[in-house]
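Because only heavy atoms are used, hydrogens play no part in the values below, and waters and symmetry mates are left out as well, while side chains stay in.
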Amino acid sequence: MNLALLLSIFTLCFWASSEGASRPKEVKVGAIFTLKTINGRVSKIAIEAAEKDVNSDKSVLGGTKLSILIHDSNFSGFLSIIGALRYMESDTVAIIGPQNAVMAPVLSQLANELHVPLLSFTALDPSLSPLQYPYFIQTAPNDQFQMSAIADMVSYFGWSEVIAVFTDDDQSRNGVTVLGDKLAEKLCKITYKAVLPPDPKPTRSDVKEQLVKIQMMESRVIVLHTFSQSGRLVFEVAKELGMTETGYVWIASTWLSTVLDSLSPLPPRTAKSFQGALTLRPHTPDSESKSAFIARWKELSNGSIGLNPYGLYAYDTVWIIARAVRRLLDEGGTVSFSNNTNLGSFPKGTLNLGALSNFDGGNQLLNNILQTSMRGLTGPIGFNPDRSPLRPSFDIINVIDNGYKQIGYWSNYSGLSIESPEILYRKAPNRSIANQHLDSAEWPGGTKIRPRGWVFRDNGRRLRIGVPNRVSYKNFVSQVNGTDIIHGYCIDVFRAALRLLPYPVPYGFILFGDGHKNPSYTELVNLITLGVFDAVVGDITIVTNRTKIVDFTQPYIESGLVVVTPVRKLNSIAWAFLRPFTPLMWAVTAVFFFFVGAVVWILEHRVNDEFRGPPKQQIITILWFSLSTMFFAHSKSSILAIDIDFFPKVQYTNNVMSTKFSGENTMSTLGRMVMIIWLFVVLIITSSYTANLTSILTVQQLSSPITGIDTLITSNEPIGFQVGSFAENYLKEEFNIPQSRLIALGSPQEYVQALENGTVAAVIDERPYIELFLSEHCMFAIRGQEFTKSGWGFAFPKDSPLANDISTAILALSENGDLQRIHEKWLSKKACASSSSDIQSDQLPLESFWGLFVICGTVCLVAVIIYFCKTIRQFSQNYPQVPDPSGRGSSRSERVMHFLAFIDEKEDDSRKRLKRKRSDMNQNSNSIEDESRYYRTDRAEMNISKERHYGGTWLQ
């Protein structure tokens, strides 16, 4: 027992001494910052406070001291490298920094080689990939999220183009590249990139040179992605150039929020230059620990500088390292270093590279850092699989006269919102446009009206608007004789649209063309791309080739190519009543009249006395019955108006219901079924005939061998088109019409002459022109339908914001009726009676009714088949084939004759004859001779008994 107790005490003492031996007395961490910058000063204070807090809490490192050495790089990449090498010579387990992403790739290579984690909350270049730099960790949201927020803001406020001003270093350059990608996702773009020398080298002249260029551009939305020193200089110069006045939009990256947080109150001149700008600030949720640290800050900084979010990230970064080191030690890891084999061969000198050693626990410490799960001053701390911080978000700040105000938030979770991200995290993510919201902002110049974000080129120069100098159809565009005034339908629409814009548009019209013939509209549009015109206004058709080089507004009038030919009036003739149907339709209709009459005769012949008699009388009955159905099917225009005498008369004969048409009864079920279908067919045919004949006799008919574009193409006749129209190229490219068939015509008078003397078989032009042409020339008409669908619009350079605003104004003109009033003013002419419509009552073909004929024919055939099946069955039962006593059997020809006689015999007579035979057979049933003689009669009586048993007749 005592021995066991002694062994336990010995083991505990040995374990305690071993643990104490494995834990180092001191853990070194390096930090590299430019201490003359805002973030450098703030970070130094925050890091020292975190170091003190970690060492004062013995539970964190268990008695091990955390020692942080801060190196001032003084804006020098070389000094950053020297500082990193010094740290790695002195057994440093981690490095905080660098402050700028320019040196991050170089220092990351050292960190990769020596297995020393490198943590930075200010080197936020989005191109620093963890695959390439596995030991480099960004503990704050990188610029990819910041640029996503800016792109969402640009899209939210309705701007489509921005100008980027940035410092010429890796971080700023790569950030602007990401911004371009994010804007492209929102159908926006960067139109110009103004590059400044790296911070702090930009001079006032460098900045002014770039801003003067920007002044001459259209876009007025400027994104400034730089650092605090360069950023303040840009705003000061912009203020001097008048670029912080009404109409401009400034969006600054997070450098501006650090200035506002750390240097307030700002000098009045600087504060005035920032007025109306928007900026972002990393969002850190409120907490007790954050509030306590903010309360300590004045004491920590001695009031020398204000706290900004990057100070909070600096504090949390120290704690991330401390907790990772604690976990390393708790897991039995050691803080030890070994020589790097790749550096051992270097000769010793002033720079002792051989002294650089690998951190043996570096990989384990890196994994511990990436697995961090804690809550710090910046909120929940952790890393996603791509090493980005958890839930990146930003505050959106608007600078105003007396400071700044927050107008909303941006989060990678739900985009723009006026609710804090912490509230949104409790809801489902929603990035829809309808869910994006920000409070109202105050813009440069003190206005609260959202700037449109662009102006006209060259700082408001008058727009040079090209106008076609037409020599025909001057209702659309023309110059008032002896003046510089341009007027017409297209001009009035353009001016009405400009009046609806919320800003003035200086412009001047410039005629294009020699005044002797219509100009080429394709050449006119091409002059926009050459910079000759800023826009083109007129009757410009929107076609595919033109949309590739310019942007068009919303169409203000519909258009399309149509065919115009000379036409003649169809005179009435004696045989006009035959026009409603085609000859084939007449032939098929006649055949069906006789066919249906024959079918009804077959079905009624055995049961209906009115369908019996001499052959001549039966043929007349068939013809009369068939034709008379036409009048009884459509005797009045409304069935409610039909007199009772016109209805088929329903009679009951021998308990059989019959339907009477003009003296003839239909008594059989099959006959009535056929008649119902046939009457329906006749009703449709007669109604269609009446309607078409009415149209022929009341509407003036126009005739031409050209009925549309198809017949025109196949006719090989010459075709006319308007000079300058796109129709020429369209006909050649789309329909392969040779140039030899196309004849250019310059005016409506040339149209008339060419069509009348046969120079062209037809003219192809756009409908607005043709409608104006036909209002004065009644001997021509449109043939067929439009074979293209397009419209007229105003042309602007590619991506011109004015095109979008004019399109919106055109829609407003359409909605309020002004567009129609302008149309009535210039284009509403009294049309000729002959050209009021292009109606031609084409003959109704068989294809319009073939379905009815198929149904009727099918019903007739089915009825006849059923009738013959029943008749054959009845004949077989009444005249069975029995052996002849002589042994010769029944004669086939005799049975055929009996069958024909049977179907010709009236059904009532057949019943009477069979009844008489049965009576005679009963009277002579005891006679042997009679039995042989009436053997067949007995069999017939047996069948008749069966017949009575099953119901009597078959055709009722």
- [ ] Begin from the C-alpha positions of Arg546 and Val536 and carry the test side-chain contact (heavy atoms from CB on, under 4.5 Å) through to its verdict.
- [x] CA-CA 12 Å; Arg546 295 173 184 172; Val536 170; over 6 Å; no

Student check: side-chain heavy atoms of [X] and [Y] closer than 4.5 Å:
| X | Y | result |
| --- | --- | --- |
| Thr529 | Lys798 | no |
| Asn174 | Val178 | no |
| Thr279 | Tyr404 | no |
| Thr139 | Phe121 | yes |
| Asn398 | Glu442 | yes |
| Leu107 | Ile32 | yes |
| Gln210 | Val165 | no |
| Ile810 | Ile806 | yes |

Flag, side chain of [X] to backbone of [Y], donor-acceptor distance under 3.5 Å:
| X | Y | value |
| --- | --- | --- |
| Ser388 | Asn384 | no |
| Asp551 | Phe796 | no |
| Gln229 | Pro202 | no |
| His437 | Gly408 | no |
| Asp534 | Arg464 | yes |
| Arg41 | Ser304 | yes |
| Lys290 | Thr284 | yes |
| Thr447 | Trp443 | no |
| Trp410 | Pro392 | no |
| Arg281 | Pro309 | no |

What distance do [X] atom [atom1] and [Y] atom [atom2] have between them, rounded to the nearest 0.5 Å?
| X | Y | atom1 | atom2 | value |
| --- | --- | --- | --- | --- |
| Ile542 | Thr553 | CD1 | OG1 | 6.0 Å |
| Met153 | Leu438 | CE | CG | 7.0 Å |
| Asn545 | Thr522 | CG | OG1 | 8.0 Å |
| Asn412 | Ser393 | CG | OG | 9.5 Å |
| Ser800 | Phe552 | OG | CZ | 13.0 Å |
| Tyr156 | Leu416 | OH | CG | 7.5 Å |

Open item on the list: The test is side-chain contact (heavy atoms from CB on, under 4.5 Å); show your working for Leu498 and Tyr507 and say whether it passes.
Closed with: CA-CA 10 Å; Leu498 291 183; Tyr507 66 92; 3.4 Å; yes

Taking every non-hydrogen atom, the tightest pair across [X] and [Y]:
| X | Y | result |
| --- | --- | --- |
| Leu124 | Pro141 | CD1-O, 3.3 Å |
| Leu128 | Ala104 | CD1-CB, 3.7 Å |
| Ser414 | Ser411 | N-OG, 3.1 Å |
| Ala123 | Phe136 | O-CZ, 3.7 Å |
| Asn112 | Gln132 | ND2-O, 3.4 Å |
| Leu118 | Pro98 | CD2-CD, 4.2 Å |

Residue pair [X] / [Y], side-chain donor-acceptor N/O under 3.5 Å:
| X | Y | result |
| --- | --- | --- |
| Ser230 | Asp199 | yes |
| Asp143 | Gln146 | yes |
| Asn430 | Ser432 | yes |
| Thr34 | Ser73 | yes |
| Thr254 | Tyr310 | yes |
| Thr122 | Asn39 | no |
| Asp125 | Ser127 | yes |
| Asp206 | Thr203 | yes |
| His225 | Ser253 | yes |

Between [X] and [Y], does at least one N-O distance fall below 4.0 Å, as a salt bridge requires?
| X | Y | result |
| --- | --- | --- |
| Arg204 | Glu236 | yes |
| Arg431 | Asp152 | yes |
| Arg220 | Glu245 | no |

Open item on the list: For Trp454 and Tyr503, I'd like to know if the aromatic rings sit close, meaning centre-to-centre distance below 6.0 Å.
Closed with: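 Aromatic pair counts; centres sit under 6.0 Å.
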
- [ ] Using the side-chain contact (heavy atoms from CB on, under 4.5 Å) rule, take Arg269 and Lys272 through it: C-alpha gap first, then chi angles, then the decisive distance, then the call.
- [x] CA-CA 5 Å; Arg269 181 180 177 183; Lys272 193 70 175 178; 5.8 Å; no

Open item on the list: Can you confirm whether more than 12 heavy atoms, excluding those of Lys201, are under 6.0 Å from its NZ atom?
Closed with: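 Not more than 12 within 6.0 Å, no.
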
- [ ] Please determine which of Tyr313, Phe145, Tyr409 meets the ring-ring contact (aromatic ring centres under 6.0 Å, His included) test together with His283.
- [x] Tyr409

- [ ] Apply the test side-chain contact (heavy atoms from CB on, under 4.5 Å) to residues Arg173 and Asp168: give CA-CA distance (whole Å), side-chain angles for both, the deciding distance (0.1 Å), then the verdict.
- [x] CA-CA 6 Å; Arg173 192 183 308 110; Asp168 190 16; 2.6 Å; yes

